[in-house]
**Q** 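Let me give you the structure first, and then I'll get to my questions.
Sequence positions, counted from 1, serve as the residue numbers for this chain. Counting convention: from 1, in listed order, for ligands and their atoms alike.
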Amino acid sequence: MPGGTDLTLRPFLWRAENLYPDTEIVSRTHEGIERYTYAEYADRTAQLAHALDAAGIEEGDRVATFCWNHHRHFETYFGVPTTGAQLHTINPLLPDEHIQYIVGNAEDEIVFVDPSLVEKLAGAAEDAVEFDDVEFVVMGEDVPETSLDPVTDYESFVANHETEYDWPELDEDQPAGMCYTSGTTGRPKGVEYTHKMLWAHTMESLSPGGIPMDDDDVVMPVVPMFHVNAWGMPFTATAGGAKHVYPGPSPNPEDLAHLIEEEGVTITAGVPTVWLGLMEYAKENDVDLSSLDSAIVGGSAAPRAMIEWFDDHDVELLHAWGMTEMSPIGSVAHLKAGLEEEPYEDQLKRRSKQGLFVPGLEFRVVDDDGNEIPWNGEDFGELHVRGPSVTTEYFERPDANEEDFEDGWLKTGDIVSVDEEGYIKIVDRAKDVIKSGGEWISSVELENSIMAHDDVSEAAVVGVPHDRWQERPVAFVVPVEGADEEALREGIYEMLREEYPKWWLPDGIEFIDAVPKTATGKFSKKDLREEYSDEDLFEGRAPEEAAPDDD
Ligand code: AMP
């Protein structure tokens with residue numbers, strides 16, 4: 001006889017409300033810092049649930065957000081799914097066409113929108129049939145002048161409702177959340193998160209192999225709440241009873257530094273660009289990071305120099321890997337017991353890998369013939385994953401399901417090696433791997449090496465067609481201001497020559513102003529290729545000896 005209740009989000013809210021009623025939730029807004037306690041949070045979440053009922057939202061309906069990281073957005077995180085409705089977080093950086101597509105595909109009933117994003121949403125909604133039956137709620141106390149209709153403000157929406165709500169018993173397989181993947185090609189793919197997936201992800205994250213946090217932590221997710229639930233941190237922090245700090249709309253490094261200092265942040269998380277910004281800022285300004293225990297970096301590979309910089313500031317930079325499809329955390333590069341004894345250089349190498357799988361998940365790595373590769377740190381293949389927090393299908397996309405799932409495994413499209421200790425290391429995205437003369441070249445590794453050069457701010461390496469070798473790598477490099485390009489080109493080749501065989505060296509280095517980015521801030525090699533398709537990519541050639549031998 002199975003016992004207990006279903007695995008849903010409700011007990012996490014219950015725990016925070018009852019065990020930690022006085023713990024704070026702090027939010028940076030346009031008007032300044034707002035703060036309240038879990039007790040007030042729970043009241044407002046109940047009011048929101050009543051307001052949704054009053055607006056006619058029923059179990060299974062989708063409610064969307066178009067917001068940055070703040071307390072009102074966090075109220076929707078529990079207020080929507082614990083009623084039985086589904087929270088769909090929309091990425092406001094997407095092109096209008098994508099926004100129209102996903103609002104129509106998800107059949108959103110209400111969209112909660114930030115005041116600073118009203119204009120952007122109104123632009124996407126104009127003349128778009130997908131928005132015909134949508135209602136809008138502006139995340140503030142007023143509604144700015146807008147063509148969005150019907151529209152109300154959040155504070156009026158939740159006001160005058162009861163602060164107690166009789167949360168229903170829900171089925172763990174019921175969808176609680178939804179997020180579309182940024183996808184560098186094709187239409188965005190919807191991923192639905194059931195209550196069970198989010199419950200499992202929270203427990204995986206809370207475990208020592210994940211990103212553990214508890215009631216003496218102060219957690220600041222810089223990673224946007226529209227991107228896979230800010231890596232699940234609002235749920236994890238609530239389950240752990242931690243204080244939350246939300247950095248609000250478009251925070252700059254100075255905002256982040258202030259929040260860390262003033263709120264005593266102990267755990268934070270963001271993509272490498274965020275931490276590069278903070279590092280730059282710290283060069284010119286006094287920054288006190290003494291409260292920080294760890295900063296999580298993920299979404300793209302963490303440069304080794306970044307890990308070292310944080311070590312020098314007595315902060316553990318934890319490298320994590322994951323995917324929208326995985327709720328999202330898959331692996332974290334904790335050092336295994338005993339490995340702290342290794343020389344520092346070896347530890348750094350290990351910690352700059354994508355890491356060890358979190359408890360609850362399994363993986364396999366298969367080569368082109370479908371055979372599992374040995375764990376020797378050299379062979380590579382495609383990473384497949386499965387587990388209770390990993391989706392088994394896309395929303396209404398049988399075409400993508402066919403391609404991306406196999407026998408219950410999600411095919412990640414990431415090409416990895418696994419070392420003897422089980423640390424995975426991404427050597428490329430499946431579509432980005434450069435195959436030259438039948439041999440693999442990792443563009444990611446080249447990029448990381450190039451980005452380690454002091455005079456390089458960004459670098460992307462793409463494969464370009466080559467008559468003889470099928471493909472050759474070309475590097476697109478953004479130099480730091482004032483760098484001497486000729487000297488830099490020589491310097492990069494000199495560095496690469498020390499690390500890689502000759503045939504790995506890029507055939508050319510193009511200096512550009514910025515690497516184009518996807519809506520989530522990743523390098524968009526597709527756009528890069530398109531932008532430079534007419535250029536002579538072999539300009540800025542490697543010195544003769546860098547080109548592959550003719551034989
Ligand atoms: P997304 O679903 O937008 O979060 O993108 C997931 C993809 O981002 C993964 O499949 C990887 O290709 C890439 N990614 C995520 N984390 C990392 C990381 N730590 N290092 C390198 N690539 C990463």
Side-chain angles (χ1 to χ4, degrees), residues 89-91 93-94 98 102 177-186 188-193 201 210-211 221 223-233 269-276 295-304 306-307 317-334 350-358 361 363 365 380 382-385 389-391 394 400 403-404 409-417 423-433 442-448 451 460-461 517-526:
T89 51
I90 305 174
N91 181 345
L93 305 176
L94 291 173
H98 285 206
I102 66 179
M178 185 177 208
C179 188
Y180 283 72
T181 63
S182 54
T184 41
T185 51
K189 294 176 280 190
V191 177
E192 292 194 288
Y193 304 117
H201 183 266
I211 302 164
V223 51
M225 291 170 81
F226 55 75
H227 192 191
V228 212
N229 306 319
W231 298 345
M233 289 179 100
V271 294
T273 317
V274 166
W275 305 132
L276 281 173
I296 318 300
V297 60
S300 300
R304 202 179 304 178
M306 188 180 279
I307 302 179
L317 189 77
L318 269 177
H319 190 195
W321 165 89
M323 289 177 79
T324 304
E325 290 85 336
M326 300 175 68
S327 307
I329 294 165
S331 63
V332 185
H334 290 285
R350 199 86 72 174
R351 291 167 59 205
S352 58
K353 296 184 178 187
Q354 278 67 21
L356 299 170
F357 258 52
V358 298
L361 302 182
F363 74 86
V365 180
F380 35 87
E382 190 184 19
L383 176 65
H384 294 183
V385 301
S389 52
V390 181
T391 194
Y394 292 109
E403 214 167 277
D404 294 345
W409 295 88
L410 165 70
K411 294 155 73 181
T412 66
D414 285 327
I415 306 298
V416 306
S417 62
Y423 285 76
I424 59 161
K425 177 178 176 183
I426 299 196
V427 294
D428 230 318
R429 292 278 302 166
K431 54 181 173 288
D432 264 341
V433 177
S442 164
S443 49
V444 174
E445 275 194 59
L446 289 175
E447 282 160 17
N448 287 344
M451 284 193 282
V461 174
K517 312 276 189 326
T518 65
T520 51
K522 293 178 198 298
F523 288 174
S524 174
K525 297 198 182 173
K526 185 175 142 273

**Q** Using a 3.5 Å cut-off on N or O atoms only, is Gly298 in polar contact with ligand 1?
**A** no

**Q** May I ask you to list the atoms of ligand 1 that are less than 4.0 angstrom from any heavy atom of Trp321?
**A** 9 (C), 11 (C), 14 (N), 15 (C), 16 (N), 17 (C), 19 (N), 23 (C)

**Q** For ligand 1, is there an atom lying under 4.0 Å from some heavy atom of Ile426?
**A** yes

**Q** Within a distance under 4.0 Å of any heavy atom of His319, pick out the atoms of ligand 1 and give their elements.
**A** 18 (C), 19 (N), 20 (N)

**Q** Measure from atom 13 (C) of ligand 1 to every heavy atom in Gly322, Ala333, Gly299, Gly330 and give the option owning the shortest one.
**A** Gly299

**Q** Do Thr391 and Glu192 come within less than 4.5 Å of each other through their side chains, counting heavy atoms only?
**A** no

**Q** Any idea which atoms of ligand 1 are less than 4.0 Å away from a heavy-atom of Thr324?
**A** 1 (P), 2 (O), 3 (O), 4 (O)

**Q** Is Lys525 salt-bridged to Glu447, cutoff N-O under 4.0 Å?
**A** yes

**Q** Does any part of the side chain of His227, heavy atoms only, come nearer than 4.5 Å to the side chain of Thr324, both counted from C-beta?
**A** yes

**Q** Evaluate the side-chain proximity of Thr520 to Leu93: yes if any heavy-atom separation is below 4.5 Å, no if none is.
**A** no

**Q** Do Ile424 and Phe380 touch side chain to side chain, with heavy atoms closer than 4.5 Å?
**A** no

**Q** Could you see which bit of Ala320 sits under 4.0 Å from ligand 1, with heavy atoms only: side chain, backbone, both or neither?
**A** backbone

**Q** Examine ligand 1 and decide if any of its atoms is less than 4.0 Å from a heavy atom belonging to Thr181.
**A** no

**Q** Contact between Glu382 and Trp409 at the side-chain level, heavy atoms closer than 4.5 Å - yes or no?
**A** no

**Q** Using heavy-atom distances, let me know which of Lys353, Gln354, Lys522 sits nearest atom 20 (N) of ligand 1.
**A** Gln354

**Q** Are Lys189 and Asp404 side-chain neighbours, meaning at least one heavy-atom pair lies under 4.5 Å?
**A** yes

